[in-house]
**Student:** 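Shown below is the structure under consideration.
Indexing begins at 1, ligand by ligand and atom by atom, following the structure's order. All values below come from the heavy atoms of this structure, side chains included, with hydrogens, waters and symmetry mates left out.
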Amino acid sequence: MVKRERWRQDFSGWFSDMLQEADIMDTRYPVKGLYVWRPYGMKLRNLVFSILRQLHESSGHHEVLFPLLIPETLFQKEAEHIRGFGGQVYWVTHGGNQKLNIRLALRPTSETSMYPMFALWIRTHADLPIKVYQVVNVFRYETKMTKPMIRLREVTTFKEAHTAHATKDEAESQVKEAIKIYQKFYDELGVPYIVSKRPPWDTFAGAVYSIAFDTITPDGKALQIGTIHNLGQNFAKVYGLRYEGVDGKHHLVYQTCYGISERAVAAAIMAHGDDDGLCLPPQVAPVQVVIIPIPFKERETPVEKVAGEVKEELTAAGIRAHLDNRDLRPGNKFYYWERRGVPLRIEIGPKDVEREQITAVRRDTGEKLTIARKSLKTQLVQVLEQITNHLRERAKKSFQGFVNSTTDLKSAKELLKKRGGIVRIPWCGQESCGKQIAEKTEGEMLGEEIDSAPTQTAKCPICSRQATVNALLAKTY
Ligand code: ZN
């Protein structure tokens with residue numbers, strides 16, 4: 001019943017069409033890499049990010065809002081950081097007709113605007129830790145092919161968290177907390193992921209090490225959907241982030257930062273869709289239940305009235321219900337809401353009214369259910385939960401089908417070529433071997449998998465020394 005052929009085989013086309021047809025984004029804005037969020041998409045985006053906000057707030061992060069513009073003098077201070085972003089920065093060079101003395105960067109990320117302010121805020125150990133976040137737009141002059149929500153010149157929705165700590169251990173714990181937050185977030189969205197420590201040559205500019213979350217697109221490519229960086233004291237040195245300790249001496253702080261962009265919305269769309277359109281997890285669906293009255297002209301029944309009552313009842317129960325009473329044929333309405341991924345459709349016809357029941361149709365399975373009016377609320381809550389679980393399981397299964405393990409380079413290369421996805425292979429952890437593994441398999445090294453270890457007898461396929469980690473290889477988006 002559920003068809004996922006186009007979703008799998010022409011994922012890129014499917015995704016672009018769905019953004020347009022489901023009223024998520026308009027991709028016709030006349031600047032490359034910039035797109036317009038439409039009302040339904042905006043609602044979806046806000047629901048997705050409200051989960052992330054909640055997770056940050058409940059773990060002691062505070063929301064802030066820093067300026068979009070960063071003076072070149074501040075931006076240039078961290079030499080390695082600037083090397084990492086240098087070629088991708090948009091510069092404001094004029095104010096009106098006047099050339100600016102100091103150019104202003106449109107933030108590509110906010111370390112260089114935040115940390116000089118942190119330096120003013122931090123005096124003693126009592127001022128630590130600092131844990132803040134903001135949800136803002138960032139700009140990068142992307143030279144590769146741009147793609148809505150995935151590769152952008154204006155990332156419209158970037159949740160960036162920044163922390164400062166007194167000790168190295170605390171920063172290390174913060175990285176672990178960030179991993180937990182991101183795990184919870186993607187678990188709630190039912191988006192499967194794999195977590196790895198990026199290899200040294202792919203570490204965030206200015207970081208000691210970087211952790212990344214990757215998911216897999218329906219056509220088998222890895223897509224990075226979140227990063228966490230341990231910055232050590234690199235930025236603290238440059239921007240003078242010092243605190244007076246209990247010992248009366250001044251010490252540099254340790255820092256972390258971590259970010260998730262609107263790729264999270266893309267990930268939720270791609271993980272659960274099918275050939276008929278989106279299939280949204282109830283928790284983030286702008287409309288969780290759509291009610292469609294099916295009147296018969298020949299018979300006088302209070303279908304519309306009952307539909308209105310059902311809507312009131314569900315809204316009062318905290319369910320996002322919408323009554324579609326437009327003058328359209330029911331079939332057209334079905335199609336319309338299917339495309340938009342509404343988890344549950346309720347149909348109310350004359351027979352349903354007579355029997356004091358409703359007919360519900362699940363978007364994820366197409367299954368039809370008859371539910372008595374008197375137990376409607378409790379039953380719908382249960383069905384929505386079943387949908388959530390089913391979507392999560394289905395996405396997980398599809399993801400697992402894409403993750404393969406091997407011990408030799410030849411089969412790794414073949415797996416990547418034929419099936420895509422992610423290939424797990426033992427690695428000694430040395431940079432030169434890692435680079436060769438990637439080269440010889442024609443894949444990209446995502447990094448070493450977190451929470452997994454090679455068997456005791458596993459050998460690095462390059463140097464034959466004992467493997468210490470599992471490397472993850474993939475073709476990336
Ligand atoms: Zn090796």
**Student:** Within less than 2.8 Å of the Zn ion (ligand 1), how many protein N/O/S atoms are there?
**Tutor:** 4
**Student:** Are the side chain of Arg320 and the backbone of Pro282 linked by a donor-acceptor contact shorter than 3.5 Å?
**Tutor:** yes
**Student:** Is it true that His56 and Tyr133 have ring centroids separated by less than 6.0 Å?
**Tutor:** yes
**Student:** Hey, what's the ring geometry for Phe49 with Phe185, parallel, tilted or perpendicular (30° and 60° as the breaks)?
**Tutor:** tilted
**Student:** Test your reading of the model: is there a side-chain donor-acceptor pair from Tyr243 to the backbone of Ala166, 3.5 Å cut-off?
**Tutor:** yes
**Student:** Under the side chain to side chain donor-acceptor pair (under 3.5 Å) test, which residues partner Tyr335, sequence neighbours left out?
**Tutor:** Arg339
**Student:** Salt bridge between Arg363 and Asp274, side-chain N to carboxylate O under 4.0 Å?
**Tutor:** yes
